[in-house]
Number of protein chains: 2
Amino acid sequence: MKKNSKQNSRWMHGKFKCNGYRMTKAREAILDILANTKDHLSAEDIYLAIHKFYPNIGLTTVYRNLEMLVNIGIVVKFDFGEGRSKYELSDHYSEKGHHHHLVCKECYKVIDYSDFMKDELNFLKNTENGLSQKYNFEIRDHLIQFFGICESCRK
Amino acid sequence: MKKNSKQNSRWMHGKFKCNGYRMTKAREAILDILANTKDHLSAEDIYLAIHKFYPNIGLTTVYRNLEMLVNIGIVVKFDFGEGRSKYELSDHYSEKGHHHHLVCKECYKVIDYSDFMKDELNFLKNTENGLSQKYNFEIRDHLIQFFGICESCRK
DNA sequence: TTGATAATGATAATCATTTTCAATTAAGGA
DNA sequence: TCCTTAATTGAAAATGATTATCATTATCAA
């Protein structure tokens with residue numbers, strides 16, 4: 001739990017209110033954890049991190065709030081094939097900015113990358129346009145992930 | 001269970017043997033189901049389809065064999081965010097050929113597309129090269145998916 | 001046909017995620 | 001500040017997909 005909790009709760013307060021939600025300790029704590037990590041955390045990771053400061057916030061509450069945060073677009077849920085979901089602040093709210101993931105099939109380590117974005121933007125623009133027309137599909141989102149074997153797992 | 005079961009079992013027999021596996025009724029049936037559908041089936045879907053012809057093949061066996069088939073690269077496992085995995089014959093063994101997926105966030109209908117592959121190949125080639133060098137990562141695989149709302153869910 | 005061993009089926013166990021429901025709390029107005 | 005009300009919570013139980021166990025059966029090379 002780091003310094004800018006206050007800031008987070010301030011900028012989120014409005015966002016929550018206009019969606020009919022309240023600002024609670026649990027929500028503030030979850031956002032705080034997510035804002036101050038570079039890792040990709042599971043619901044349980046987040047629960048454990050929060051638990052040190054607020055031992056009475058339960059895992060259920062963490063799950064419930066993550067779902068809500070995903071729904072209003074503040075958090076993104078990922079599946080890296082590990083058997084449980086991982087969560088990140090969405091690009092817009094994160095210091096990381098736009099990025100994609102490179103996932104080790106062996107140890108599930110995840111590397112964020114934001115290189116080669118020109119190629120990617122080109123590809124995405126063309127493909128999204130083409131697909132939405134051809135298949136009459138309203139495209140909301142995309143997922144690009146690379147899988148492989150990381151340096152340490154290769155040794 | 002359609003006509004070409006015999007064919008399937010024939011071309012798979014060798015593949016299995018050289019990996020130390022045996023050809024069994026369950027494996028033949030799973031491949032047969034997958035070869036004769038355009039859908040994306042869950043383990044249970046496959047189990048149910050097989051069950052009509054071989055009522056004594058259990059769900060456990062289907063799971064076990066799917067895992068094995070994924071391991072030797074004949075089958076690919078997908079997660080469309082529905083809470084259970086879906087399986088397809090891999091590109092090389094399927095009549096579908098190389099394709100990606102367009103997933104409806106509402107009803108989880110999946111559209112296969114293979115348009116815009118020039119853009120995609122370009123993007124993939126550059127990105128994979130760049131990433132594997134920069135991050136010293138041996139890239140094995142990639143996942144590209146688009147999510148949105150399909151025609152009928154928009155009405 | 002037979003022996004070694006891979007594969008199977010039934011059942012129980014796991015494990016992440018959800019549901020239930022009574023108790024608590026945030027937030028806006030009196 | 002106090003009240004009201006609906007949103008939120010925690011604990012516990014339920015769910016649902018997937019895996020592990022283990023005794024039995026089936027495959028296939030010799």
Side-chain angles (χ1 to χ4, degrees), chain A residues 5-6 8-10 12-31 40-48 50-51 53-72 74-87 108, chain B residues 9-10 12-31 40-48 50-72 74-87 108:
Chain A
S5 321
K6 294 279 168 50
N8 285 335
S9 64
R10 209 173 301 142
M12 281 295 105
H13 206 275
K15 181 92 182 170
F16 284 179
K17 269 206 313 198
C18 77
N19 278 286
Y21 297 114
R22 296 172 180 171
M23 170 57 73
T24 67
K25 220 177 326 192
R27 283 168 193 170
E28 192 173 337
I30 290 172
L31 289 172
H40 308 80
L41 304 178
S42 66
E44 196 186 3
D45 293 335
I46 296 169
Y47 161 73
L48 290 173
I50 289 179
H51 192 263
F53 299 86
Y54 302 103
N56 45 347
I57 290 178
L59 180 56
T60 307
T61 298
V62 173
Y63 269 109
R64 255 185 311 230
N65 281 313
L66 284 171
E67 190 194 7
M68 174 285 240
L69 292 166
V70 168
N71 282 339
I72 64 177
I74 295 177
V75 167
V76 187
K77 181 177 182 177
F78 287 99
D79 173 17
F80 298 126
E82 203 178 345
R84 56 197 174 153
S85 299
K86 298 295 189 78
Y87 299 85
Y108 293 108
Chain B
S9 66
R10 209 173 299 141
M12 281 294 105
H13 205 275
K15 180 92 182 173
F16 284 178
K17 271 205 314 201
C18 75
N19 278 285
Y21 297 115
R22 297 169 179 174
M23 170 56 72
T24 67
K25 218 176 330 188
R27 281 167 195 172
E28 191 173 337
I30 291 173
L31 289 172
H40 309 80
L41 303 178
S42 66
E44 197 188 4
D45 293 334
I46 296 169
Y47 162 73
L48 290 174
I50 289 179
H51 192 263
K52 294 178 196 157
F53 298 85
Y54 302 103
N56 45 347
I57 290 180
L59 180 56
T60 306
T61 298
V62 173
Y63 270 108
R64 255 186 310 231
N65 282 314
L66 283 171
E67 188 194 8
M68 173 285 236
L69 292 166
V70 168
N71 282 339
I72 65 177
I74 295 178
V75 168
V76 187
K77 181 179 181 179
F78 287 100
D79 173 18
F80 298 127
E82 204 177 345
R84 56 195 175 157
S85 299
K86 298 295 189 77
Y87 299 85
Y108 293 108

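Convention: sequence-line order gives letters A, B, ...; per-chain numbering from 1.
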Colleague: Can you work out whether A/Pro55 or B/Tyr87 has the more 5'-proximal nearest nucleotide on DNA chain D?
Modeller: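 Final value for this comparison: A/Pro55.
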Colleague: Measure from CG on A/Asn19 to P on C/dA26 and round the result to the nearest Å.
Modeller: 20 Å
Colleague: Could you tell me the separation between the CG atom of A/Leu59 and the C1' atom of D/dT8, rounded to a whole number of Å?
Modeller: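 In whole Å, D/dT8 C1' lies 16 Å from A/Leu59 CG.
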Colleague: Indicate the ring-plane relationship of A/Tyr47 and A/His51, choosing parallel, tilted or perpendicular according to the 30° and 60° boundaries.
Modeller: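 Rings of A/Tyr47 and A/His51: tilted, 30 to 60°.
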Colleague: Between B/Tyr63 and D/dT19, is there a side-chain N or O to OP1/OP2 distance below 4.0 Å?
Modeller: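 Negative; the distance criterion is not met.
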Colleague: I need the CD1-P distance between B/Ile30 and C/dA7, as an integer number of Å.
Modeller: 12 Å
Colleague: Hey, does the side-chain of A/Thr24 have a donor or acceptor N/O within less than 3.5 Å of a partner on the base of D/dA7?
Modeller: no
Colleague: Has A/Ser85 got a side-chain N or O lying under 4.0 Å from the OP1 or OP2 atom of C/dT17?
Modeller: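 The answer is yes; a side-chain N or O of A/Ser85 sits under 4.0 Å from OP1 or OP2.
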Colleague: So does A/Arg84 reach the base of C/dA16 with its side chain, donor to acceptor, closer than 3.5 Å?
Modeller: no
Colleague: Find the distance A/Lys25:NZ to C/dA27:P and express it as a whole number of Å.
Modeller: 12 Å
Colleague: Does the C/dA27 base have a donor-acceptor partner in the side chain of A/Arg22 within less than 3.5 Å?
Modeller: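 Under the 3.5 Å cut-off, the side chain and the base do not form any donor-acceptor pair.
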Colleague: Is the distance from OP1 or OP2 of C/dT8 to the nearest side-chain N or O of B/Asn65 less than 4.0 Å?
Modeller: yes
Colleague: Is any side-chain N or O of A/Lys17 closer than 4.0 Å to OP1 or OP2 of C/dG28?
Modeller: yes
Colleague: Does this structure show an ion pair linking B/Glu44 with B/Arg84, if we count only N-O contacts that are shorter than 4.0 Å?
Modeller: yes
Colleague: B/Asn71 CG to D/dT19 P: how many Å, rounded?
Modeller: 11 Å
Colleague: Provide the closest heavy-atom pair for B/Lys86 versus B/Ser42 in the form atom of the first, atom of the second, distance.
Modeller: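 That would be CD-N, 3.6 Å.
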Colleague: Over all heavy atoms of both residues, which pair between A/Ile57 and A/Ala26 is shortest? Give the atoms and the distance, please.
Modeller: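 Closest pair (atom of A/Ile57, atom of A/Ala26, distance): CD1-CA, 3.6 Å.
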Colleague: Nearest of C/dA7, C/dG9, C/dA16 to any side-chain atom of B/Thr61?
Modeller: C/dG9
Colleague: How many Å lie between OH on A/Tyr54 and P on C/dT25, as a whole number?
Modeller: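 Answer to the nearest Å: 14 Å.
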Colleague: On a plain distance test, is the side chain of B/Arg64 in donor-acceptor contact with the base of C/dA7 below 3.5 Å?
Modeller: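 Answer is no: no donor-acceptor pair is held.
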Colleague: Taking all non-hydrogen atoms of both residues, which atom of A/Asp45 and which atom of A/His40 are closest, and how far apart?
Modeller: OD2-O, 4.3 Å
Colleague: Between C/dA27 atom P and A/Phe16 atom CZ, what is the distance in whole Å?
Modeller: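 Between P of C/dA27 and CZ of A/Phe16: 11 Å.
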Colleague: Measure the distance from CD on B/Glu82 to P on D/dA17 and round it to the nearest whole Å.
Modeller: 10 Å
Colleague: Establish whether the base of C/dT8 is bridged to the side chain of B/Thr60 by a donor-acceptor pair shorter than 3.5 Å.
Modeller: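 Answer is no: no donor-acceptor pair is held.
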Colleague: If you pin B/Val62 and B/Gly20 to their nearest nucleotides in DNA chain C, which one's is more 5'?
Modeller: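 Nearest nucleotide further toward 5': that of B/Gly20.
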